Novice: 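Before I ask anything, here is the structure I am working with.
Atoms within a ligand are numbered from 1 in the order they appear, just like the ligands themselves. Every value quoted in this text rests on a predicted model; they were computed, and no experiment measured them.
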Amino acid sequence: MTQKQKALRGIVTPEMRVVAGYEGVEVEYVRDGVALGTIAIPRNIRRSFPSVRGIGKGLRTKINANIGSSPYHMSAEDEMKKLRAAVAYGADAVMDLSLGSKLIDIRRQIIAESPVMVGTVPIYQTAFELSSSRRDITDMTIDDFLRTVQSQAEEGVDFMTIHSGVTLQALQALGSQRRILDIVSRGGSFLAAWMKKNGRQSPLYEHYDDILDILAAYDVTISLGDGMRPGAVLDATDPAQITELVTLSGLTRRAWDKGVQVLVEGPGHVPIDMIRENIRLQKALCKGAPFYVLGPLVTDCAAGYDHIAGAIGGALAAYYGADFLCYVTPAEHLRLPTVEHVIEGVVASRIAAHAADLAKGMKYAEEQDAAMARARKRLDWESQTDLSLDPRKARTLRESSGIGKDDVCTMCGKFCAIKRMHDVF
Ligand code: SF4
């Protein structure tokens with residue numbers, strides 16, 4: 001039985017207890033959320049890892065870091081460094097998006113070492129293997145794809161992005177409008193090319209039940225991919241995106257009916273004024289299923305600083321109800337991220353998640369902010385560093401000012417307002 005099937009029978013699992021303990025909520029709240037589908041606890045039955053986390057309503061906003069090799073840079077060692085850095089800086093999940101000849105090896109190492117849930121996008125492996133045997137993704141059969149899903153489920157992948165919502169209808173909607181950027185999702189582009197060449201409905205839609213049967217057998221959470229997501233803010237909330245979202249609504253229900261836990265992926269580029277309606281629409285159509293958003297990026301013009309554009313969108317999205325933020329690094333749109341980019345992306349997303357949780361009145365965030373404010377009042381630099389979301393950077397900046405053990409900082413020196421108020425009050 002999957003976690004969802006157990007929850008529907010009133011069974012409390014060890015994973016639900018871990019989630020309840022971490023969140024500081026009653027275990028029945030978690031069980032009811034899993035039963036309803038408003039909470040997902042991605043954990044493959046083949047894996048056991050310490051930081052099991054729930055994603056969804058009433059829980060802390062979680063963040064994911066994408067790592068993985070590209071055909072230009074295939075180093076298992078580098079990807080393992082990224083995994084360790086992402087976890088050290090607070091990622092709740094990692095997705096291995098590896099492409100290239102070492103992809104299976106890298107994924108196995110990540111699964112073996114990761115203390116957090118691991119996600120993948122199986123169609124990447126299928127596409128790579130087809131191209132290695134001089135076939136194209138447009139030659140893919142459903143058996144090619146199901147073999148990949150089966151092998152990754154057996155290896156222990158906890159959640160998989162599957163783009164079953166990229167259908168002929170969504171393609172038709174795309175054709176009926178003038179998008180600036182047609183499709184920016186790798187998986188979406190593969191399936192669009194497949195349907196164009198074969199003149200048929202997507203096999204990932206037609207054989208959705210077969211996919212679900214494999215996922216259910218290992219309690220792998222499906223992350224319904226947003227292959228038609230806008231890649232430009234001016235394309236946001238357009239017919240192609242909404243057509244796919246309506247399909248995802250039906251696919252969510254069908255997954256739940258088979259006991260499969262669901263995350264629904266959301267748009268990548270959304271202007272600030274459209275974020276709230278995007279979240280509300282997804283939540284309404286998908287009956288409260290946890291919403292997993294990439295960023296979202298609120299401008300297309302922040303190259304080199306896209307982690308900031310993503311954090312602005314992520315904070316708003318999480319405040320309005322998104323549950324899971326996929327980080328964006330400063331390297332987004334430009335290159336494969338380095339370890340340092342991964343750290344910057346994770347910290348930016350954590351700031352977004354924390355800011356949203358604070359505004360939603362989550363106790364852990366209020367306590368941390370209150371402790372920081374008190375440390376500032378005491379001019380207690382050690383505690384301020386420890387309470388920072390990136391203590392390493394806070395410490396480096398403080399120490400680099402050369403002020404030694406002085407109680408003020410180099411900003412105002414002897415004119416320190418906080419110190420003056422110690423004397424006044
Ligand atoms: S010196 Fe100025 S900036 Fe630094 S702690 Fe005091 S008031 Fe704040």
Novice: Kindly indicate whether the side chain of Ile123, heavy atoms from C-beta on, has any atom under 4.5 Å from the side chain of Leu191.
Specialist: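 With C-beta onward as the side chain, the pair touches.
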Novice: Which atoms from ligand 1 have a heavy atom of Met411 less than 4.0 Å away?
Specialist: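 Here the atoms of ligand 1 in question are 3 (S).
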Novice: Report the C-alpha distance between Arg46 and Glu155 in whole Å, list the side-chain angles of each, state the deciding distance to 0.1 Å, and finish with yes or no for side-chain contact (heavy atoms from CB on, under 4.5 Å).
Specialist: CA-CA 7 Å; Arg46 289 262 169 115; Glu155 282 177 20; over 6 Å; no
Novice: May I ask you to list the atoms of ligand 1 that are less than 4.0 angstrom from any heavy atom of Ala417?
Specialist: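 Numbered from 1, ligand 1 contributes 7 (S).
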Novice: Just need the protein heavy atom nearest to atom 8 (Fe) of ligand 1, so name the residue and atom and give the distance.
Specialist: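 That would be Ile418 CD1, 4.1 Å.
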Novice: Do me a favour and list the nearest non-hydrogen protein atom to atom 4 (Fe) of ligand 1 with residue, atom name and distance?
Specialist: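 Ranking protein heavy atoms by distance from atom 4 (Fe) of ligand 1, first comes Cys409 SG, 2.3 Å.
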Novice: Assess whether a salt bridge exists between Arg84 and Glu113, defined as any Lys/Arg side-chain N lying under 4.0 Å from an Asp/Glu carboxylate O.
Specialist: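 A salt bridge is present here (some side-chain N lies under 4.0 Å from a carboxylate O).
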Novice: Short check: any N/O/S atom of Cys416 below 2.8 Å from atom 6 (Fe) of ligand 1?
Specialist: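 Cys416 does place an N, O or S atom closer than 2.8 Å to atom 6 (Fe) of ligand 1.
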Novice: So do His333 and Leu297 actually touch side chain to side chain, heavy atoms under 4.5 Å?
Specialist: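 The answer is yes; the side chains approach within 4.5 Å.
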Novice: Do me a favour and list the nearest non-hydrogen protein atom to atom 2 (Fe) of ligand 1 with residue, atom name and distance?
Specialist: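 For this ligand atom, the closest protein heavy atom is Cys412 SG, 2.2 Å.
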Novice: Looking only at side-chain N and O atoms, does Gln125 offer a donor or acceptor that is under 3.5 Å from a partner on Thr148?
Specialist: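 No, because no side-chain N or O of Thr148 sits under 3.5 Å from a partner of the opposite role on Gln125.
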